[in-house]
Structures are given as C-alpha cells and as structure tokens.
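What follows is a single structure, written as structure tokens, with notes after it.
Letters go in sequence order (proteins before strands), and every chain restarts at 1.
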Number of protein chains: 2
Amino acid sequence: MCAVLKYAYSQILVECSRLKKITIYDVAKKASVSPKTVSRVINAEQSVSTKTKTLVESAIAALGYSPNTSARSLRTKRSYILAFLYDNLSPAYVMDLQVGILSICDKAEFNMVIRPCNFTSETLAQDIAALIKRSRVDGLILSPPISDHKELIQYLEEKQIDYVRIAPINTKLKSSYVFANDREAAAEMTDHLISLGHTSIGIILGDLSHLAGQERLAGYKNSLKKAELPVNSNYIEQGDFSFESGESAALKLLTQKQPPTAIFACNDYMAAATMKIAHKLGLRVPEDVSIAGFDDAPVSKYLWPTLTTVWQPVQQLASQSADLLINKILNQETSTAPLELRCELVIRESTAAIKK
Amino acid sequence: MCAVLKYAYSQILVECSRLKKITIYDVAKKASVSPKTVSRVINAEQSVSTKTKTLVESAIAALGYSPNTSARSLRTKRSYILAFLYDNLSPAYVMDLQVGILSICDKAEFNMVIRPCNFTSETLAQDIAALIKRSRVDGLILSPPISDHKELIQYLEEKQIDYVRIAPINTKLKSSYVFANDREAAAEMTDHLISLGHTSIGIILGDLSHLAGQERLAGYKNSLKKAELPVNSNYIEQGDFSFESGESAALKLLTQKQPPTAIFACNDYMAAATMKIAHKLGLRVPEDVSIAGFDDAPVSKYLWPTLTTVWQPVQQLASQSADLLINKILNQETSTAPLELRCELVIRESTAAIKK
DNA sequence: TTGTACGCGTTATCAT
DNA sequence: ATGATAACGCGTACAA
C-alpha cells in the first residue's frame with residue numbers, strides 16, 4: 001500500500017472512531033419516543049411511565065449510549081467537576097483522600113480535578129478563583145489547613161460557590177464539614193500509655209493551625225487530668241508535623257534530666273523522628289522509652305520496632321465530603337449537620353509497660 | 001425579611017453568579033469585530049492582523065473572559081481531559097507523577113483525571129473503556145505496570161486513542177514512551193558499593209514485570225562483570241517491591257553462612273525491610289552491613305541510619321509524558337523518539353567502607 | 001483579513 | 001405522561 005493511501009486509510013479509521021456518536025436521538029428512534037423523554041429517563045425525572053422507562057432503558061443498553069457531558073454541561077451550566085484542594089499533607093494521606101472522593105464521583109458521574117496548593121501563597125485565593133473559572137468547577141473540597149483559609153472561604157461565600165471542608169477549625173460558617181474524633185483518639189492513646197504504667201508522658205505537638213494539632217493536644221491533656229496526672233510543660237514540645245521538627249523536639253524531650261518514659265508524637269513522621277533520636281541516644285524502644293504516633297502512615301509499619309499509632313478514617317472523611325458536596329450541588333441542599341467519624345488505636349511494638 | 005423573600009433573594013444571587021456569562025459575543029462587541037475573529041485570536045490562528053489581535057486581546061483582558069470549555073468541547077469533539085492510570089505504586093511516587101502531569105496540563109489548559117487501577121483485574125480494559133467513553137478523555141498516560149497491559153493497549157490501538165507510556169517493557173509499539181536510565185543508575189550504585197571495598201554484594205530484586213525490576217538487575221550484573229566479580233546466585237533474592245517481600249529476602253540473604261557485606265535492594269521499601277531485619281539480627285548498619293535502596297522515597301530520610309538510594313526524575317518523566325501526549329492530541333503528531341531521563345545517586349548514611 | 005449562518009447534543013420551556 | 005422547539009457558546013464552512 002502506498003504511503004498516501006496508508007495515510008488516508010488511517011484518517012478514515014480516526015474518523016470512524018470519532019464518528020461513533022450515539023446520541024439521544026438514536027435512542028429515541030430505537031425506543032420510538034421523543035428525545036425529551038429519553039432525557040427524562042436519563043435524569044430520573046418523575047413524569048415517565050414505567051413502561052416507556054424500561055423501553056428507553058433497554059434501548060440505551062442496546063446501543064451502549066452514554067450522554068455527552070459537554071452538551072449537557074453547556075445546557076445545564078454545570079461542569080460535573082469537583083475540585084480537591086490540598087497542601088503539604090503526607091502523600092499516603094492525600095492518596096487516601098483522593099480514593100475516597102473518587103469512589104463517590106464514580107457513582108455520581110462526576111469528575112474530580114486535584115489541586116496541590118500552597119497555603120502561604122499570597123495568591124492562593126486568586127489562583128483558585130482562576131481554576132474555578134477556567135475549569136468551571138461545580139464545587140470544592142478543602143482539606144486542612146486550606147479548610148481555614150479565610151480569604152479563599154470569603155471568596156467562595158461571596159460567589160456562592162459550593163464547598164465542603166474536612167476538619168476545619170472555624171465551625172461557625174454555614175458550610176458543612178466532616179471531621180474525625182482526634183481528641184478522643186488522642187485521649188485513648190494517652191490512656192493506653194498510662195495503662196502501661198507511664199506517668200511521665202511527653203508530647204510532640206503538631207501544627208496548631210490544623211484542627212488535628214489542637215485536638216490531639218486537648219485529648220492528651222484531658223487524659224492526664226482524668227488520671228490526675230500533672231500536665232508538665234517540660235514534657236510538651238512544639239512541632240509542625242514534619243520529621244525535622246520531630247527530631248529537634250524529641251532531642252529536647254529525651255535529653256532532660258528526667259526525661260519522659262513515653263512520648264506521644266502527634267503524627268507518625270514526628271514519631272519516626274523520635275525513634276531515630278532515641279536510637280542515636282542509645283535508648284531502646286520500647287524498653288527504655290515508649291513511642292506512639294498518629295495517622296497510621298505507611299512508615300509506621302516500616303520502622304523497627306513497628307509503631308503504635310492511630311488509624312484515621314481518611315477515605316471515609318473524603319467520601320462523606322464528596323457525598324455532601326454533590327448533594328449540595330445537585331439538590332441545592334442547604335447546610336447539613338457536621339459529620340464526625342471515628343479513629344481507632346493500632347497497638348504495635350513501640351509501646352510497652354514501663355521498666356521497673 | 002420573611003423566609004420566602006429570603007429564599008427568592010438567595011436564588012437571585014445564585015442566578016447572578018451563574019449569569020456571569022461573558023461570551024465571545026461580548027468580547028466581539030467590545031472590540032468591534034465579529035465573534036469569529038475573537039475565536040481566531042483565542043485559537044492563535046494565523047490570519048489575523050496584528051492590530052485587531054491586540055484589540056481583541058485587550059478586550060478579553062478587560063472583560064476577564066475565558067472560553068467555555070463545554071461549548072468548545074461540544075464543537076471540537078475534544079474534552080481537553082487526559083487520564084492518568086496507575087496501580088500500586090508508592091504514594092509519594094504517584095503524587096510526583098501527578099504533579100508533573102499537572103504542571104503541563106495547566107499550561108495547555110487541559111484537565112487531568114486520575115484513575116487508580118488494579119493490574120490483575122479481569123475487567124481492567126473494560127473499565128478503562130468505560131472511563132474513556134464516559135469522561136470522553138482525549139488521551140491516557142500509563143504508568144508501570146499498566147504500561148504493559150496487553151489487553152488495554154490492544155484496545156487503545158484498535159480505537160486509535162492517544163496514549164503515552166512511562167517505562168514500558170515492550171518498546172515495539174509505535175506509541176511514544178519515556179523512561180529513566182535505571183540500568184545505569186543501578187550499575188552506578190553497585191559501583192559505589194564496590195568502591196567501598198565490598199565484593200559480596202547481595203541484591204533484592206523488584207517485580208520483574210516492571211521495566212525497573214529488569215533494568216536494575218541488569219545494571220547490578222553489568223557492574224559486577226565490569227569489576228570482574230562473580231555473580232553469585234546465593235546473593236540474588238526475588239522480591240516484589242513490597243516491604244514484606246523485602247523482609248523475607250533480607251532474612252535469607254543475611255542468615256547465610258557467608259552473608260553479603262552489602263545489600264542493594266531494588267527499592268526503598270525493601271531496603272527499609274532489610275534494615276529492620278539487620279537490626280533484628282543485631283547487625284549494625286553500615287558497620288556490619290551496607291544497605292542501599294532505589295527511588296529516594298520519603299522513608300529513606302526517616303530511617304536510621306538514613307538510606308543511600310537513587311533519585312529518579314519522576315516529575316520530569318510525568319511532565320514529558322503529558323507534553324508528548326498533548327502534542328499528539330492537538331497536532332496529530334505521530335510517534336516521537338523515546339525519551340530517556342537521568343537518575344542520580346544519593347549517598348546517605350547506610351553505606352560505608354567494608355570493615356577490615 | 002474578516003464576517004455570516006449553522007450545527008454540535010443536550011435540557012428548558014411551553015404546549016398537548 | 002409526552003412532544004416540539006429553542007437555546008446554551010463555540011468553531012466550521014463558506015462567503016465576501
């Protein structure tokens with residue numbers, strides 16, 4: 001076959017694959033109804049008799065029809081796209097959130113666009129405004145710390161753009177949100193350490209501009225008070241959820257005259273850092289010092305010893321958010337009650353009874 | 001204000017925000033040209049005088065116009081969406097790939113949809129076919145091991161759907177692909193260990209159905225041969241890139257009569273597992289045994305000692321893929337030459353000169 | 001170089 | 001319960 005013919009042939013094939021345009025007219029013809037009726041069936045409108053409904057449905061199945069999103073969007077002024085905004089969370093955490101959102105998007109026939117953000121960027125609100133405009137996003141899911149980005153939220157409120165927040169600090173807005181019971185879980189973890197006989201329990205705090213950072217500290221304090229143990233400020237070190245901040249905090253905690261016998265790091269990265277420092281100082285874990293984390297990140301299983309930590313319902317948080325958001329978009333539902341999901345303790349090797 | 005009025009008012013606001021419809025007609029009016037001319041400017045067509053072009057451009061800027069994707073898609077039969085398929089890679093790796101693709105999508109005004117897959121699923125090809133149909137994606141980026149999923153690729157070829165592959169094994173297809181120089185990098189890592197005086201160097205293999213798995217083994221062997229060291233089958237253990245497989249492989253290697261003095265694990269998870277086993281066996285790293293990984297995963301910095309590993313140009317692989325794909329889609333460009341990107345050794349604490 | 005008329009596939013409006 | 005017609009905003013074909 002000569003080159004020219006070959007090219008022409010390939011173009012025909014391209015055209016053929018593109019031309020596979022089954023529209024609602026084809027379905028209507030096959031089912032002997034009007035296009036509008038097909039549309040009614042697709043959109044599950046009420047006023048369709050059961051008979052015609054099944055008729056149309058079988059025609060759709062027979063032709064393998066699926067609606068053209070562009071046409072639908074053009075008409076309805078909806079994109080069927082929601083945006084997921086995140087900043088600086090651990091990769092595994094972000095992936096879990098993505099999976100949770102996707103699971104709902106698939107059911108609802110929405111698409112998700114993801115958007116890594118920089119919370120400290122001056123232009124964040126503008127950047128997102130541009131995203132919304134360009135991609136014509138129907139709604140947004142905000143994860144911490146963006147859940148509390150004032151300028152962005154003000155913009156969304158002004159423009160009446162739907163959004164749902166994951167674990168926000170400011171809960172006075174009318175937009176709905178979901179969160180985990182970090183406070184209780186942190187208290188449970190502290191209870192766990194106390195039950196092992198520890199009375200000197202250090203904590204490495206996370207970033208307090210995250211709700212999780214605040215709540216985990218609150219849970220720690222609650223537990224100590226309940227057990228009538230003092231809250232010793234020497235045992236409280238500020239971190240920011242990063243490994244590096246964990247290193248310096250752990251160093252301060254463990255090089256005191258009377259170091260704590262157990263350390264609760266507010267996430268697994270800081271716990272990993274604590275373990276490293278302990279090893280460097282020649283301390284055995286958990287014989288000399290117990291270490292606990294939070295998040296159940298992959299690294300918690302890769303450390304030696306494996307890390308006692310808290311599992312969070314991350315995928316569930318995300319899927320619930322997506323569910324709320326899509327309901328808002330489609331049904332103009334107003335604010336719904338905040339949704340609280342439960343964490344679970346994961347006891348591994350890094351915590352043990354205190355050495356007598 | 002009574003409730004009904006309040007509701008009506010809110011609806012008006014909603015309408016107002018929705019009605020913010022600046023179209024090419026508005027731009028055309030402002031610039032005193034025809035809509036078609038505006039379209040020409042937007043699409044950078046040639047036949048527009050510089051004068052009218054700048055005129056239109058300033059009108060666009062003044063009105064803050066951006067084209068309606070749905071209308072454009074409906075007309076051009078393009079979605080301006082590309083899909084990114086991945087399965088079971090490490091979260092940090094996937095996030096890097098996403099960021100790389102996004103960076104190009106932003107420039108080209110494309111959207112990305114992500115799709116976690118299960119390579120072993122019977123219905124993978126069908127699922128992706130459904131995705132393509134529903135979301136009307138213009139093209140796909142396949143990451144390992146999906147890069148070599150025969151059924152899926154056959155489908156894409158048949159339907160003439162554009163795709164680009166990252167690190168595929170089968171390179172005989174005409175579709176373009178990008179890859180990293182894993183083989184050379186693995187050889188360099190082995191060279192590094194040899195230069196430290198090691199002659200008994202174990203390797204924990206990755207999944208050989210990934211190109212990376214094959215290439216890293218090849219590099220290891222090449223390096224040994226170059227140094228005229230024997231390839232000892234006792235020192236080669238099969239793994240599958242998972243932490244667990246690393247544990248059992250490391251155990252086998254390190255409990256031999258004459259264990260290797262250095263172990264090259266084909267990724268960081270397996271290296272982390274090796275470190276754990278070494279610790280458990282009472283071996284010091286790197287004094288008793290050197291350990292090296294591959295990927296420069298976050299965990300490599302969180303271990304103690306920190307892990308010597310290989311950094312891969314993951315974001316670059318992704319952005320190059322996206323670039324190739326978008327060019328294919330927009331310009332009907334045919335296959336381009338394979339693109340090879342370079343890895344880099346990252347020497348940290350887990351490798352050291354052999355103990356005399 | 002620039003403009004006019006039409007159609008992409010769907011849903012909304014209004015009618016029956 | 002169902003159908004006819006118009007319109008969403010853009011790009012193509014064709015004309016000027």
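- Atoms CG and CG, from A:Leu142 and A:Leu325 in turn, are 9.5 Å apart once rounded to the nearest 0.5 Å.
- Between the side chain of A:Thr123 and the backbone N or O of A:Gln126, no donor-acceptor pair lies under 3.5 Å.
- Each salt bridge (charged side-chain N to carboxylate O under 4.0 Å, His left out) pair with one or both residues in residues 105-129 of chain B, not counting sequence neighbours, appears once here: A:Asp106-B:Arg115, A:Arg115-B:Asp106, A:Arg134-B:Glu109.
- Checked by atom type and distance alone, the side chain of B:Ser135 never pairs as donor or acceptor with a backbone atom of B:Ile132 at under 3.5 Å.
- Remark: side-chain polar atoms of B:Ser73 are paired, donor with acceptor, to backbone N or O of B:Arg78 under 3.5 angstrom.
- Listed in residue order, the members of residues 25-37 of chain B having a heavy atom less than 4.0 Å from DNA chain D are B:Tyr25, B:Lys36.
- In this view, A:Tyr80 and A:Phe110 satisfy the ring pair (Phe, Tyr, Trp, His ring centres under 6.0 Å) rule, not counting sequence neighbours.
- Annotation: proximity of residues 62-70 of chain A to DNA chain C (heavy atom, distance under 4.0 Å) is found for A:Tyr65, A:Pro67, A:Asn68, numbered in ascending order.
- Panel note: side chain B:Lys328, backbone B:Gly139; no donor-acceptor pair is recorded below 3.5 Å.
- Comparing B:Arg72 and B:Arg40 by the nucleotide of DNA chain D that holds the closest heavy atom to each, the one mapping nearer the 5' end is B:Arg72.
- Using a distance-only test at 3.5 Å, with no hydrogens or angles considered, a donor-acceptor pair links the side chain of A:Ser34 to the main chain of A:Thr37.
- Partners of B:Tyr25 by ring pair (Phe, Tyr, Trp, His ring centres under 6.0 Å), not counting sequence neighbours: none found.
- Legend: residues meeting side-chain hydrogen bond (donor to acceptor under 3.5 Å, both in side chains) with A:Ser147, ordered by chain and number and at least two apart, are absent.
- In this structure the side chain of B:Ile153 never reaches within 4.5 angstrom of the side chain of B:Asn170, judged on heavy atoms.
- The ring pair (Phe, Tyr, Trp, His ring centres under 6.0 Å) search around B:Tyr155 returns none, not counting sequence neighbours.
- Judged as a salt bridge (charged side-chain N to carboxylate O under 4.0 Å, His left out), the pairs with a partner in residues 139-148 of chain A (not counting sequence neighbours) are, in order, A:Asp148-A:Arg165.
- Two residues are said to be in side-chain contact when any heavy atoms from C-beta on lie closer than 4.5 Å; B:Val41 and B:Leu55 fail this criterion.
- Comparing the helix axis at one end of the helix from C:dT1-D:dA16 to C:dT16-D:dA1 with that at the other, each defined from 5 consecutive pairs, gives an inter-axis angle of 30° (nearest 10°).
- Remark: B:Leu97 CG to B:Tyr86 OH distance equals 10.0 Å, nearest 0.5 Å.
- Atom CD of residue B:Gln320 and atom OG of residue B:Ser176 lie 11.0 Å apart, to the nearest 0.5 angstrom.
- Within residues 45-53 of chain A, the residues having any heavy atom closer than 4.0 Å to DNA chain D are, in order of number, A:Ser47, A:Val48, A:Ser49, A:Thr52.
- Looking at B:Glu157 and B:Lys174, their side chains come closer than 4.5 Å, going by heavy atoms from C-beta outward.
- In summary, contact between chain A and DNA chain D, defined as any nucleotide atom under 4.0 Å from a heavy atom of the protein, begins and ends at D:dA1 to D:dG9 in the 5' to 3' direction.
- Protein chain B touches strand DNA chain C; the 5'-most and 3'-most nucleotides with an atom under 4.0 angstrom of its non-hydrogen atoms are C:dT1 to C:dG9.
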